[in-house]
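Inspection log for the structure reproduced underneath, given as structure tokens.
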Amino acid sequence: PLEPGKIRVLKVLPDALWTDHIVCELRNVPLYEARVQRYTALSYYWGPPSQPRHTIIVNYRNMVIGEQLFNALTYLRSPTESRDLWIDAICIRQDDNDEKSQQLPMMGDIYTFAESVNIWLGIDADDSSYAL
């Protein structure tokens, strides 16, 4: 459980071989401490509920996520160093309404305190990278 004033930060571990396995560590930290430790907030299109599902490893346990988030993590992870991210679908327990009601009011600060915010629109398609 999260104590008041704390958030979860996801550390995506490096993968020099670019395997299909995304391995992460999730930890609870005070929001003010996360600000100092520097994290990136990720905003992305969740996709339809019927999208394919993928499994990542978080704290040595399997976690199922949607294809859009899986693709974003695949592209954002580094082959050489870990990366701290805040991602609402992982860092807020989605099946816990009490936790969501505590965390949602903090989202403005979470995005403001982030070192950067990445916006994931999806994998390039139909030469979309030229438009961006």
Side-chain angles (χ1 to χ4, degrees):
L2 279 174
E3 297 172 20
K6 288 191 173 185
I7 64 170
R8 290 187 186 93
V9 174
L10 184 73
K11 180 180 290 288
V12 180
L13 300 178
D15 183 14
L17 302 177
W18 289 97
T19 66
D20 288 334
H21 301 292
I22 296 175
V23 181
C24 309
E25 297 172 355
L26 192 62
R27 64 191 189 285
N28 298 353
V29 296
L31 181 57
Y32 69 85
E33 185 179 310
R35 181 180 188 179
V36 173
Q37 291 178 358
R38 299 186 174 196
Y39 64 93
T40 298
L42 176 65
S43 180
Y44 70 99
Y45 167 60
W46 281 38
S50 61
Q51 70 181 311
R53 311 302 269 168
H54 298 272
T55 301
I56 63 172
I57 300 168
V58 179
N59 293 354
Y60 305 103
R61 302 175 99 176
N62 289 339
M63 178 180 213
V64 177
I65 60 173
E67 185 169 43
Q68 291 291 334
L69 180 51
F70 182 80
N71 290 339
L73 288 173
T74 299
Y75 278 85
L76 290 173
R77 70 179 166 173
S78 166
T80 58
E81 53 192 46
S82 61
R83 186 152 192 204
D84 287 341
L85 300 173
W86 183 87
I87 306 167
D88 55 356
I90 295 176
C91 296
I92 298 175
R93 195 174 313 142
Q94 297 301 309
D95 61 352
D96 185 334
N97 288 332
D98 290 336
E99 181 170 304
K100 286 197 295 189
S101 68
Q102 174 198 14
Q103 291 289 296
L104 291 179
M106 295 172 57
M107 285 180 66
D109 287 338
I110 291 168
Y111 279 99
T112 299
F113 294 163
E115 179 178 41
S116 64
V117 176
N118 287 352
I119 299 172
W120 176 259
L121 301 176
I123 295 175
D124 289 346
D126 302 321
D127 293 328
S128 61
S129 60
Y130 292 115
L132 301 174

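The first residue in the sequence is number 1, and the count goes up from there.
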Under the side-chain contact (heavy atoms from CB on, under 4.5 Å) rule, what do I56 and F70 come out as? Steps first, then yes or no, please. CA-CA 8 Å; I56 63 172; F70 182 80; 4.1 Å; yes
Decide yes or no on side-chain contact (heavy atoms from CB on, under 4.5 Å) for E99 and L2, but give the supporting numbers first. CA-CA 7 Å; E99 181 170 304; L2 279 174; 3.9 Å; yes
Give the intermediate values and the outcome of side-chain contact (heavy atoms from CB on, under 4.5 Å) for residues L69 and I87. CA-CA 9 Å; L69 180 51; I87 306 167; 3.8 Å; yes
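Here the CD-OH distance, from Q68 to Y44, works out to 9.0 Å after rounding to the nearest 0.5 Å. Expressed to the nearest 0.5 Å, how far CG of L42 lies from CG of L73 amounts to 7.0 Å.
Two residues are said to be in side-chain contact when any heavy atoms from C-beta on lie closer than 4.5 Å; I90 and L26 meet this criterion. In this structure, Y32 and F113 have side chains that are not in contact, with every pair of non-hydrogen atoms separated by 4.5 Å or more. Two residues are said to be in side-chain contact when any heavy atoms from C-beta on lie closer than 4.5 Å; I7 and I92 fail this criterion.
The residues E25 and K11 are annotated as not salt-bridged, no charged nitrogen and carboxylate oxygen being separated by less than 4.0 angstrom. Between D88 and R8, none of the side-chain N atoms (NZ, or NE/NH1/NH2) sits under 4.0 Å from a carboxylate O, so this pair counts as no salt bridge.
With D84 as reference, R27 is the one residue of R38, R27, Q37 to meet the side-chain hydrogen bond (donor to acceptor under 3.5 Å, both in side chains) rule.
The aromatic rings of Y75 and W120 sit tilted, their planes meeting at an angle between 30° and 60°.
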